[in-house]
Amino acid sequence: MSENVVHLHKPTGPPTPDTAPTVLTVVPDTAPARPVPLWVRSGRALRTAVKHETTKATVRAAARHSLYTVNGGRIVARRTWDGRTGSRYERYMRAAEAAGNMELAAEWEERLQRFRDARHRRRMDLLHSPLDVAKGAAVGTGMSVGVLVALGIIMALNTHQVGDVFTPISATIEFIGALIYIVQIVWGPAITIGPFLALLALWSVGRKQHAAPQWALPANVRSGEGEPITPSIVVKALRDLGIPALRNAIKEMGDAGASMLGPIRIAGCGVEVDVTLPSGVATNEVQARRRKLAENLTRHEHEVFIMIPVAARTVRLWIADSGALDEPIGPSPLVTDQTMTANYKTGKAPWGQDLRGDAAAISLYQRHLLVTGLSNQGKTAALRALALWLALDRTVQFWIADLKGIGDWAMFDGIAQVLIEGPSDDHVIQATEMVEDAVEEMNRRIEERRRDPSAVFAPLIVLVDEAQLAFMCPVVGEDKRPYGGSKATSRYFMAVRKIHNQGRAVDVLMWQGTQDPTDQNLPKLVREGAHTRASLVLGTESQARMALGDKAVDGGAAPHLLRQGLDKGTLVVASDGITIPAGQASITVRTHFIDDDPAAEVAERAKALRDGVTTLRVVEEEDERDALADVASVIGDASRLRTNEVLKRLHALDPKAYGDQWTNDRLKALLEEYGEEPKKSHGVMVVHRDHVLRALANRDADGSASAAE
């Protein structure tokens, strides 16, 4: 780096006014800058070039086509070796033994023995073949010469020329010479072009087999369907996980790792295999590398599930067929079977299918329920499917609070005794009071059971959808207790806790649906009080632990690895009410989707089974206001007030009741009803206070008044 040289100039002679003070002059140093080393500049240029997309594509293409040729040669050599030796049979035999199919292994062993016998016979025949070839050549040559001589004699007899006897032989010799001449001409170019043709053939073999790393392959090839799952593919995928102890153990195994694998079983739309890990490798090490394992198996992450079975140091891999989980599972039996009924105590609700394609049914008997997940992933549909099935048991009662309020539970009008629909704080208050009423009903039943141990009660399902709104409600009641929150003073929280503690004993059950669980909108004590916990897709592992518990997540449950938007309706369930494979803590269920119209049809069937239920609907309607009294109130002590000002004050008093629909005409009609219409004063319509008070005094005896719409 160049430096500047500073020169100090002082004026000479005595100081005068024109004499300048001392001046600092900065003169650039004439020394040239030190050049940047060539390797530094080359490295910068290379780094910049590698970042360019065109350069990346060029590098991938060069690597791809080079490896096509190299690996094509390897494939051809492997095929040649397999064709000349029994290695193919031995490989198939080891794979059959690893899969536990001893019958197939014995068949391959028999084929190998037949191949070796045939090869031995061919080798023995080669010992006698030179003599046989020599004899055959001599006999063939003699016969050929005889035929040519006979043909010459025939020609000579025909032409009466003795020399024609040798014409066929000389023609044959000339033909052979011509062939030799052609070979001499072609041989040189063939020697030159031959290697290139051989390389082209090897490249073609490699290209057809996609014999290149995944990063070098074209995008359409990289995203292709996964390969069939074989023992060798599973072992290779485990070997390449990046776990040194596992990789070294597989290398040291005489069977190349095949003994680690149990039989590969078809399981629904995929396969299942148990892997016994070698000493020094923990199951959680494999679980932590789920994505890498899936990609090694040429699958997407959501298509591979890692579970922990009963056997020690074992992981169970379920590997889906490529793309199979994106296919729909079909309609619910609730829709297709018009004769289906339910039994709360002994029956199981048809919820969907597990990953193996088997029907997933769940018992709801005396089990509190919690369904959670991100918004718009099928939470309400999953919860509603269970309620629709249970509604087919005419003994079950429902109290429902839908805090979303868009009609998802409207079909339960005529089934539920209570139906609250709406997202406002008022609806949350009503839902809280509903749960508190359920606590009182629970206490009544407990007291009755204490007096009569044989007492039996109708099951009561207290269902709150979008329950996070209740926990997050900021309203504080007149008793200074908040409706929301997670403290002992919270009315909703404490009511739910009481039902969780004692409700199941008298069949008062709490069902909740909530989204995006946190400690604020789903307190720990509430979520752990549910016997059945199910979760759709979530954003983080910590949310998965909140939804399902540490045990389920440590055992392989991973709702946070589901795909948002693509895995709608797919639930990870932790419950003793559903059949879970031995040793596992959860099961993944793809739920049936029941749309609004089919849901309404199922609800109609449920209503037909019941004697008729009068539903108390708590809808978003304002209480009727005494409009005339409100007019008197807003006028206050003024003797009169302009009609426009009266309307403004009414709107300020209650914006919902006195909204845009309240106009001068409506106010005039209200007062005219009592004979006290507004009057003009100085050209402006006004309402007199005395007139309004007189109208109030003269109202009908029943006290009816115009109500705000």
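Computed over heavy atoms, backbone and side chain alike; hydrogens, waters and symmetry mates excluded. The residues of the chain are indexed from 1 along the displayed sequence. Because the structure is a prediction, the values reported are computed rather than measured.
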Quiz item: Can you name the closest pair of heavy atoms from Leu561 and Arg290 and give their distance?
Solution: CD1-NH1, 2.9 Å
Quiz item: Is there side-chain contact between Met546 and Ser535, with at least one heavy-atom pair below 4.5 Å?
Solution: no
Quiz item: Side chains of Leu509 and Leu460: closer than 4.5 Å at any heavy-atom pair?
Solution: no
Quiz item: So which heavy atom on Gln512 is nearest to which on Val496, and how close?
Solution: NE2-CG1, 3.7 Å
Quiz item: Charged N to carboxylate O below 4.0 Å: is that the case for Arg444 and Glu440?
Solution: no
Throw together a table of side-chain donor-acceptor distances under 3.5 angstrom for residues 466-474, partners on residues two or more places apart or in other chains.
{"from": "Glu466", "atom 1": "OE1", "to": "Gln468", "atom 2": "NE2", "distance (Å)": "2.7"}
{"from": "Glu466", "atom 1": "OE1", "to": "Gln515", "atom 2": "NE2", "distance (Å)": "2.9"}
{"from": "Glu466", "atom 1": "OE2", "to": "Lys379", "atom 2": "NZ", "distance (Å)": "3.4"}
{"from": "Gln468", "atom 1": "OE1", "to": "Thr514", "atom 2": "OG1", "distance (Å)": "3.1"}
{"from": "Gln468", "atom 1": "OE1", "to": "Gln515", "atom 2": "N", "distance (Å)": "3.3"}

Quiz item: Should the heavy atoms of other residues, nucleotides or ligands under 6.0 Å from CZ of Arg481 be counted, would the total exceed 12?
Solution: yes
Practice problem: Please report the closest heavy-atom contact between Trp351 and Ala534, naming both atoms and the distance. | Solution: CH2-CB, 4.0 Å
Quiz item: Can a salt bridge be assigned to the pair Arg545 and Asp554 using a cut-off of 4.0 Å between side-chain N and carboxylate O?
Solution: yes
Quiz item: So, for Arg491 and Tyr483, which heavy atoms are closest and what is the spacing to 0.1 Å?
Solution: NH1-OH, 3.0 Å
Quiz item: So do the side chains of Ile587 and Val572 get within less than 4.5 Å of each other, counting heavy atoms only?
Solution: no
Exercise. Please tell me if the side chains of Gln353 and Asp358 come closer than 4.5 Å, counting only heavy atoms from C-beta onward.
Key: no
Quiz item: Salt bridge between Arg605 and Asp337, side-chain N to carboxylate O under 4.0 Å?
Solution: no
Quiz item: Below 4.0 angstrom, N of the basic side chain to O of the carboxylate: do Arg694 and Asp690 qualify?
Solution: no
Practice problem: Applying ring-ring contact (aromatic ring centres under 6.0 Å, His included), name anything that partners Tyr344, two or more places apart in sequence or on another chain. | Solution: Tyr365
Quiz item: Given side chains that start at C-beta, do those of Ile446 and Gln502 come closer than 4.5 Å, heavy atoms only?
Solution: yes
Practice problem: Quick one: list whatever passes ring-ring contact (aromatic ring centres under 6.0 Å, His included) with His691, sequence neighbours left out. | Solution: His688
Self-check item: Residues Glu448 and Arg451 bridged, charged N to O under 4.0 Å
Solution: no
Self-check item: Name of the residue among Arg367, His368, Met510, Met442 meeting side-chain contact (heavy atoms from CB on, under 4.5 Å) with Arg504
Solution: His368
Quiz item: Under 6.0 Å from the CG atom of Asp576, do we count more than 12 heavy atoms belonging to anything else shown?
Solution: yes
Exercise. For the residue pair Asn644 and Asn664, confirm or rule out a side-chain donor-acceptor distance under 3.5 Å.
Key: yes
Practice problem: Carefully, step by step, assess Glu677 and Lys668 under the rule salt bridge (charged side-chain N to carboxylate O under 4.0 Å, His left out). | Solution: CA-CA 6 Å; Glu677 67 276 2; Lys668 180 182 178 182; over 6 Å; no
Quiz item: Got a salt bridge between Arg450 and Glu447, using NZ or NE/NH1/NH2 to carboxylate O under 4.0 Å?
Solution: yes
Exercise. Might you point out which heavy atoms bring Arg384 and Trp409 nearest each other, and give the distance in Å?
Key: CA-CH2, 3.4 Å
Exercise. Could you tell me which non-hydrogen atom of Val634 sits nearest to which non-hydrogen atom of Val646, and how far apart they are?
Key: CG2-CG1, 4.1 Å
Quiz prompt | Worked check of side-chain contact (heavy atoms from CB on, under 4.5 Å) between Val508 and Ile461 | solution = CA-CA 6 Å; Val508 176; Ile461 306 299; over 6 Å; no
Practice problem: State, yes or no, whether a side-chain contact exists between Pro678 and Leu671 at a heavy-atom distance under 4.5 Å. | Solution: yes
Quiz prompt | Check: Leu386 and Trp511 side chains under 4.5 Å, non-hydrogen atoms | solution = yes
